[in-house]
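Start at 1 with the first residue, then count along the sequence. All values derive from a computational prediction rather than experimental measurement.
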Amino acid sequence: MNLKYLGLLGALLLVNLINAQNFKGQILSENTKEVLAGAHIRTTGGTTAHTDLNGKFEILINENGQEIIVSFVGHETKEIQVLPSDQVLIIYLNEAPIQIQGVLVTGHSKDDPVHVMETNDYAKKIVQPRNVADLFSDVNGFSLIKRGNYAIDPSFRASQYEQLNVQFDGGTKVMHACPNRMDPITTHVNPEEIEKIEIIKGPYTVRYGATFGGVINMVTQKPSSQDYGLSGSIGAGYETNGESMVTTAQIQQATAKYDVGGTIGYRDFGNYEDGDGTEIPSSFRSLEYGVKAGYNFSDNQRLQANWRQSYGRDVLHAGLPMDTDEDNSSILSLDYKLTGLVGLVKDITAKAYYSYVDHIMSNTNRPSFMMTEAISEIDATTAGGKLEFKLVPNDKLSLYTGLDILNIARDGARTRLVKRNMMGPLPTPMEFVDKVWQDSYIYDLGIFAETKYPLSSHTIWTAGIRYDNITSEIKDPADDFAALYPDLEKRTEHNISATTSIKYVPSTEFIMEVAYGRGVRSANMIERVINHFTVGQDPYEYIGNPNLEAEVNNQFEVGFKGRLPLSEETSDAFNYSTSFYYSLYENYIVPIIDESLTRKYMPGNEPVNPKVFRNLDEAYKTGFEVMAGFDFWNHLNFTTELAYVYAKNKDLSESLPLVPPLTTRLKLGYETEKFWANANYTITSKQDDIAPSFGEQVTPGYEVLDVRLGIIPVRNVSLGVAVLNVFDATYNNHLNFAFNNQAGFTNTRINDPGRNFSAFLQYKF
């Protein structure tokens, strides 16, 4: 990095800016009389502040007095008129009826994990029909793994798949049935339901399941005290590139005692065109609906149930050898929370969930159908739960302890009807049945304890430890797989994870966080049991390895974030944040070409040798995210973001696979109550630091400009329009899959959409 940037960062850390604020306050809970650290204060003129660890704040108000709005998660918002004063005003907030979403970010600095990133306003400012890609595409540090326009996985800091602990509403999980990941968890949630996404950037907490590379929590909308009564919304959107349409509807009835609501969404996306006008086979149809009901037995006790189903139909996957005929999923979750108890145990939370995915895929529309008809009918069951206690042995120490379970079971087969061989048509087609998952399961029982202790009024220390007991078994192995691994039997693993961190908050304008986390991840089911299936970004057959050791991420990170006011009269400010991290890996799992083995299916095709999953002895990763921006003229903001990852496979003296290139984002935005607009210019660099053993190839850089704006022309109605890829660039990301078994396409990476005009209309009542 250029030394002048390091100098700038150093200068920011040494700045001690004293502001002439003329109002002081302290925020406390009316119910518990505890200070509320991290509460948000805003004046009607737009000036903002947050309370420190002691619940105190300072803010500038007009000499003649001004109204301030005080808000805090889990409490009712209060609006009060105040005058300048040297005295500290005590402000009490009443607790709102508790909501159960199991969110990771509470807004309370004493409870939140370190190195947290939060995205907001997904549900409030929709300007385009969205698929799952749009939830992550503009978030610093994220890239997308695309197989088309449907099966899209997020990648964060070159961690992907089960290396990321992806969930929604604080713990609910859905595991894909398809070995090609045609149906990741992101396809089972309606994007219009997502209110925000919370990210813990590494293994810095042990409370939310085994975590290797970070936690991603997709939070669905929930009613608040402002939503009491009957409310809802309906919306519709259209995109020109692919003639894609989305319709959504949501309704809820909420009171202080109970709430019940439902959502439904239908999407019909067509094949899109890239910047050169080439049509990419990527169409799909999907229907999602959900019902959520909650009951508050008292102000501190709540039970909530959530039921959702999704149906995917006729999904084309440009980068996979087959297409999805049907993808059906059902998810049921129950949550319970009891807070504010007297004695050692203060809070009790419990969650249980069950999901089932039924997946059917075939090659009916592929060139290979002329020789072999193939259809796979497979299923996946995910069940789990969590029980957690918050213990407060004294005024300073908080201890979170409990247990969680996760059980994943998969089965199913692929039926092949071979009609032709190299000699020509067969007089009698031959039928073969291939075991996809070999009737396998993985069961994880985790026990955890995490404590938080204030070392001073400005410093919080967090430490946690976790034990996972992993049981796995392949109950119906294929003959050749059993011959390759003759000692197949039930296997038990014992994993220990741990974390420790320091959060320093000297003021509302600056936070420093230093953390170490040891994240441990046992091999997922693809890495363990897949048997000669093409499940990667290339035409290689992959073979699992049931004897893989659990991979370990020893991650160190230091980060700073803050805000420097630029004026005493306005809300103009300079905002910045940085994160620098280093990960030392043990037993890192990668697929490596094995020249001692040959293809099982279509043996005359290239490549002849399959890839087998192996452990690496030595590997590491390092990188950073940097953000700097200005809020100016009350409603304008400009932000620059950089994200870079460098990874090394020291065993083979090459990069680790699937490492995204340097990405720079420039964002200009304007926002008022009734109008908002933003322009995002993304510069993605060339990626020539690749993994030849993985079959990676160099990818060029590219630049893309997206422009979005929205308006509320009349009360309760919002209209959003967007122009995506304004300059109609032809490009593909380094993590995109290549075309696979597609007529008219060579084995090159899938291009992203060209220029796209979109509109979205929403009415709320």
Lys/Arg N to Asp/Glu carboxylate O, K351 vs D335, below 4.0 Å: yes
M245 CE to F269 CZ distance, which is reported to the nearest 0.5 Å: 11.0 Å
Partner set under salt bridge (Lys or Arg N to Asp or Glu O under 4.0 Å) for D183, not counting sequence neighbours: none
Validation row, ring centre F630 to ring centre F638 under 6.0 Å: no
Atom pair CD1/CD1 of I41 and I91 - distance to nearest 0.5 Å: 7.5 Å
Aromatic ring pairing F23/F57, orientation class (parallel under 30°, perpendicular over 60°, tilted between): tilted
Worked check of side-chain contact (heavy atoms from CB on, under 4.5 Å) between N725 and Y731: CA-CA 10 Å; N725 192 357; Y731 70 98; 3.7 Å; yes
Closest approach of Y576 to L564 (non-hydrogen atoms, all atoms of both residues): CE2-CG, 4.1 Å
Expected output: side-chain N756 to main-chain N241 donor-acceptor under 3.5 Å: yes
Flag for S718-K764: side-chain donor and acceptor within less than 3.5 Å: no
Donor-acceptor contact below 3.5 Å, side chain N217 vs main chain E198: no
D347 and K337: CA distance, side-chain angles, deciding distance, salt bridge (Lys or Arg N to Asp or Glu O under 4.0 Å) verdict: CA-CA 7 Å; D347 299 343; K337 190 167 187 177; 5.9 Å; no
Donor-acceptor contact below 3.5 Å, side chain T51 vs main chain L36: yes
Side-chain ion pair, D153 and K146, N-O less than 4.0 Å: no
From Y670 atom OH to N678 atom CG, the distance as rounded to the nearest 0.5 Å: 13.5 Å
Donor + acceptor pair across side chains of N680, D706 (<3.5 Å): no
Distance-only side-chain donor-acceptor flag, N165 / Q167, under 3.5 Å: yes
S143-S155 side chain donor-acceptor pair, cut-off 3.5 Å: no
Y289 and Y311 aromatic ring geometry - parallel, tilted or perpendicular at 30°/60° bounds: parallel
Closest non-hydrogen atom pair between A643 and N140, with its separation: CB-OD1, 3.5 Å
Salt-bridge contact D299-K257 (side-chain N to carboxylate O under 4.0 Å): no
Nearest-0.5 Å distance, CG of residue D268 to CZ of residue R285: 7.0 Å
Nearest-0.5 Å distance, OG of residue S231 to CD1 of residue I251: 8.0 Å
Carboxylate-amine/guanidinium proximity below 4.0 Å for R308 and E288: no
Y295 ring center within less than 6.0 Å of Y258 ring center: no
Pairwise distance NZ(K201) to CD1(I216) - rounded to 0.5 angstrom: 12.5 Å
Sidechain N-carboxylate O distance under 4.0 Å for E76, K78: no
Under 3.5 Å: donor-acceptor pair, side chain of D169, backbone of T220: yes
Considering all heavy atoms, the nearest E273-E279 contact: CG-CA, 4.2 Å
